[in-house]
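For reference, the structure is listed below as structure tokens.
Naming: A, B, ... by sequence-line order, numbering from 1 per chain.
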There are 2 protein chains.
Amino acid sequence: MRTVYTSGPLKRERVLETALAVAEREGFEQLSMRLLARELGVSTMAVYRHVTNKDDLLDGLVERLLGELEIPEQSLPWEQRLRWLAREVRALAHRRPEVFGLLLRRRAVGEDATRARQAALRALRDAGLESKAAERMERLLSTVVMGFALSEATGRFEGIDVEDEFERALELLTRLVATQ
Amino acid sequence: MRTVYTSGPLKRERVLETALAVAEREGFEQLSMRLLARELGVSTMAVYRHVTNKDDLLDGLVERLLGELEIPEQSLPWEQRLRWLAREVRALAHRRPEVFGLLLRRRAVGEDATRARQAALRALRDAGLESKAAERMERLLSTVVMGFALSEATGRFEGIDVEDEFERALELLTRLVATQ
DNA sequence: ACCTGAACACCGTTCAAGT
DNA sequence: ACCTGAACACCGTTCAAGT
């Protein structure tokens, strides 16, 4: 009834990948340990060998999503790096509308979580902000970017050209950074 | 084992109120139709007379939460009205940390949903923004305000003085509105 | 008209048992 | 070492039955 991924032994990597696929295909609420196991062609409890419980599975998904963000080259001007990051997040929300919300519900702790944040902080420092101000601005920017992306993914801004809206918001905020 | 609310007949109002209390006390994930019924001192299916299903229950909670927002007097200067609204949202997130996230996950459709939005739009028009610009700014502001409030409720900004941070962000954005 | 209990098709997770 | 099936304590919801 379902596609069963049969490539090699069961690994955490494949568990997460399949969980992501199931969530996007069936809807996030439908993702269960049992359905995931069925999809992997394995007993429910076999999944627990690669994931300590469902919470750990969700943490793994968050980490995987963050790992999909491409970090801009340091050589680019700071404005372009900020825009790059913002668009990466927006693209992620587009690609994974069902699971994107996880990023705003769960605290990201792993290494991938900080990569994007560090890149944003570097860009803001390069824009001339001192350390504390850069951190504050990063929190403001990430809130806006994540919030917009989520709003689009959940349909809160239906009927609105979010592409355009998002670019304008970025424009405004970048100007705000420049005048800090 | 649990407090049973015994005041009068079962009404939608009391169902929602109790659901809110249960969610905040036991955690949002623990809120179930069965536990809610137990709490109301009634059979599970009796709850279904006041709520068509769990989805409808959650929609009801969203509506109730939005109804808790106090709208500022029109006589206040526009900056103060915006600040008022922002603080109301932040206070709501503080009061209902467990259920606040619902507001960002579900589309609000009822009347209470638009009250706050209309008040913000009026303030922005009074600030001199033309109609389209006011709508765009309202979306930006609401995203920031809701995003910050959620981040605080979920602990994303742990160790940070969100009170201070929030005021600074508002300050920045208000200046942005003034210079539009 | 309003409430009930049993039943159905699901969950996450523990644990003893199999290879 | 790795996987399994049965079991436990839960879900949301349908439906026939009670008052």
May I have the step-by-step check of side chain to side chain contact (heavy atoms under 4.5 Å, CB included) for B:R81 and B:E73, ending in yes or no? CA-CA 8 Å; B:R81 276 179 278 158; B:E73 302 248 358; over 6 Å; no
C:dA9 C1' sits how many Å from B:R34 CZ, rounded? 11 Å
Nucleotide C:dC3, atom C1' - distance to NE2 of B:H50 in whole Å: 10 Å
Is the side chain of A:R12 donor-acceptor paired with the backbone N or O of A:H50 at a distance under 3.5 Å, no angle test? yes
Checking base pairs now: Watson-Crick or wobble, both atom distances under 3.5 Å. What partners C:dA16? D:dT4
Reading DNA chain D from 5' onward, which residue's closest nucleotide shows up sooner: B:Q30 or A:S43? A:S43
Charged N to carboxylate O under 4.0 angstrom, B:E68 versus B:R95? yes
Please give, in whole Å, the distance from D:dT4 C1' to A:R38 CZ? 16 Å
In whole angstrom, what separates B:R49's CZ from D:dT19's C1'? 13 Å
Rounded distance in Å - CG (A:L35) to P (C:dA9): 17 Å
To the nearest Å, how far apart are B:L58 CG and D:dG12 C1'? 12 Å
Donor-acceptor side-chain pairing of A:S142 and B:R156 below 3.5 angstrom: yes
Looking at every strand, decide which applies to B:M33 at a 4.0 Å heavy-atom threshold: base, sugar-phosphate, or nothing. sugar-phosphate
In whole angstrom, what separates B:M45's CE from C:dC3's C1'? 10 Å
note: A:E29, atom CD; C:dC11, atom P; distance rounded to Å ~ 13 Å
Quick note, B:K54 side chain, CB onward, closest among C:dC11, D:dG12, D:dT4 is D:dG12
